Amino acid sequence: MNLPEVSASDLAALLASRLCHDIISPVGAVQSGLELLDEMPNDPESMALVRNSTKSAVAKLQFARIAYGASGSTTAQIDLGDAQSAAEGFMSFERANLTWTGARAYVAKNVAKVLLNLLVVANASVPRGREVVLEIDSVEPVVAARLIARGKPLRVPAKFKALLEGAPLEEGIDAHAIQPYYTLLLARETGLSISLTVAEEEAVFTVASVPAQPV
């Protein structure tokens, strides 16, 4: 997989920018709700805004902790049940419904991160919502999984498609392209391939282990 070179410092800075972008909306809503409560103490609508926005911020942070910053060494393992819980929490505040199927197992940290980051791409492909399905067929000895985004209009992020196809980006890797880039970078470093097929109302992202090259 041919990807543009991005320095470690730029990668960290752009991922931090992406994380801030995801979190600022619910955190800003919490602030707005608290300001309203200063003016109208115990107002039920303001309390509901604070509660829902806090839950959204927590869900996004829990998701990001695994998708972008899971602790431990590169060989550390993650319980797919924990990854599923984080994904379901994240998607509960998105328009599309998530269906996750597959046996619970421990997998290499970066395998879980690839699946969660690809979930973000699949969710972005159906901006008006409907359904995102993650089917995990196998994690050992090889990885075999599919993410299916169903909805209309179907809009697979153009920068993800360009990076997947090895096409140059006119703007380079910026804050908008960093998450698709990180997804493909993780896949390459983990020995996984990602392929994409698109129909009228369905995009299928297939994840598979790259066969070992003969010595």
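A quick note: this is a predicted structure, and the numbers were derived from the prediction, not measured. We count residues from 1, following the sequence as given.
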* Show the numbers, then the answer: is there a side chain to side chain contact (heavy atoms under 4.5 Å, CB included) between E45 and L49? => CA-CA 6 Å; E45 291 187 3; L49 175 62; over 6 Å; no
* Verdict with supporting geometry, V204 and L147, side chain to side chain contact (heavy atoms under 4.5 Å, CB included) -> CA-CA 6 Å; V204 180; L147 268 151; over 6 Å; no
* Asked: Passes side chain to side chain contact (heavy atoms under 4.5 Å, CB included), K55 versus V58? Steps please.
  -> CA-CA 5 Å; K55 289 178 181 178; V58 170; 5.8 Å; no
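Screening residues 33-43 for salt bridge (charged side-chain N to carboxylate O under 4.0 Å, His left out), with sequence neighbours left out, gives no hits. For the side-chain hydrogen bond (donor to acceptor under 3.5 Å, both in side chains) condition, the pairs that include at least one residue of residues 96-108, sequence neighbours left out, are D79-R104. Legend: ring pair (Phe, Tyr, Trp, His ring centres under 6.0 Å) pairs involving residues 19-61, not counting sequence neighbours: none detected. Contacts classified as ring pair (Phe, Tyr, Trp, His ring centres under 6.0 Å) and involving residues 127-170 (residues at least two apart or in different chains) are given here: F160-F205.
Under the 4.5 Å side-chain heavy-atom criterion for ILVMFWY residues, no single connected hydrophobic cluster contains both L196 and V133. L3 and L192 fall within the same hydrophobic cluster, defined by Ile, Leu, Val, Met, Phe, Trp and Tyr side-chain heavy atoms under 4.5 Å apart, directly or through other members. A single hydrophobic cluster is not seen to contain both M91 and F93; linkage of ILVMFWY side chains at heavy-atom distances under 4.5 Å, directly or through other members, places them apart. Note on L119 and I148: separate hydrophobic clusters, where clusters join Ile, Leu, Val, Met, Phe, Trp and Tyr whose side-chain heavy atoms are under 4.5 Å apart, directly or indirectly. Hydrophobic clustering, with ILVMFWY side chains joined whenever heavy atoms are under 4.5 angstrom apart, groups V198 together with V120.
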Got a list of side-chain donor-acceptor pairs under 3.5 Å for residues 173-184, not counting sequence neighbours?
unit_1: D174; atom_1: OD1; unit_2: K159; atom_2: NZ; d: 3.2
unit_1: D174; atom_1: OD1; unit_2: H176; atom_2: N; d: 3.1
unit_1: D174; atom_1: OD1; unit_2: A177; atom_2: N; d: 2.9
unit_1: D174; atom_1: OD2; unit_2: K159; atom_2: NZ; d: 3.1
unit_1: Q179; atom_1: NE2; unit_2: N117; atom_2: O; d: 2.9
unit_1: Q179; atom_1: NE2; unit_2: N117; atom_2: OD1; d: 3.0
unit_1: Q179; atom_1: NE2; unit_2: T183; atom_2: OG1; d: 3.1
unit_1: Y181; atom_1: OH; unit_2: P4; atom_2: O; d: 2.7
unit_1: Y182; atom_1: OH; unit_2: Y68; atom_2: O; d: 3.4
unit_1: Y182; atom_1: OH; unit_2: K113; atom_2: NZ; d: 3.0
unit_1: T183; atom_1: OG1; unit_2: Q179; atom_2: O; d: 2.8

Check residues 123-132 and write down every donor-acceptor pair under 3.5 Å in which the side-chain atom is one partner and the other belongs to a residue at least two apart or another chain.
unit_1: N123; atom_1: ND2; unit_2: E94; atom_2: OE1; d: 3.0
unit_1: S125; atom_1: OG; unit_2: V121; atom_2: O; d: 2.9
unit_1: R130; atom_1: NH1; unit_2: E201; atom_2: OE1; d: 3.0
unit_1: E131; atom_1: OE1; unit_2: R150; atom_2: NH1; d: 3.1

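Contact between L80 and A103 at its shortest, heavy atoms only, is CD1-O, 4.1 Å. In terms of heavy atoms, L154 sits closest to A199 at CD2-O, 3.4 Å. Residues A83 and L116 share a closest heavy-atom pair of O-CD2, 3.8 Å. Counting all heavy atoms, side chain and backbone alike, A203 lies closest to V156 at CB-CG2, 3.8 Å. Across L19 and A64, no two heavy atoms sit closer than the pair CD1-CB, 3.5 Å. Nearest heavy-atom pair across I66 and A86 is CD1-CB, 4.1 Å.
Checked against side-chain hydrogen bond (donor to acceptor under 3.5 Å, both in side chains), E140 has no partners two or more places apart in sequence or in another chain. S193 meets the side chain to side chain contact (heavy atoms under 4.5 Å, CB included) test with A208, V210; sequence neighbours excluded. The side-chain hydrogen bond (donor to acceptor under 3.5 Å, both in side chains) test applied to R146 returns E135, D137, not counting sequence neighbours. The side chain to side chain contact (heavy atoms under 4.5 Å, CB included) test applied to S7 returns S9, D10, not counting sequence neighbours. S138 pairs by the side chain to side chain contact (heavy atoms under 4.5 Å, CB included) definition with V142, A144, not counting sequence neighbours.
To the nearest 0.5 Å, the span separating CZ on F90 from OG on S56 amounts to 9.0 Å. With values rounded to the nearest 0.5 angstrom, E5 atom CD is found 11.0 Å from L11 atom CG. Atom CG of N110 is separated from atom CD of Q77 by 12.0 Å, given to the nearest 0.5 angstrom.
Shown are V143, V139, V111; of these, the side chain to side chain contact (heavy atoms under 4.5 Å, CB included) with S209 is made only by V143.
With hydrogens and angles ignored, the 3.5 Å screen pairs a side-chain donor or acceptor of S32 with a backbone N or O of G28.
Clustering of Ile, Leu, Val, Met, Phe, Trp and Tyr side chains at separations under 4.5 Å places V30 together with L34, L37, M47, V50.
By the 6.0 Å contact criterion, CD on E171 is enclosed, its count of non-hydrogen atoms from other residues, nucleotides or ligands being greater than 12.
By the 4.5 Å heavy-atom criterion applied to side chains, L118 and I194 are counted as neighbours. Counting only heavy atoms from C-beta outward, the side chains of I136 and L115 approach each other to under 4.5 Å.
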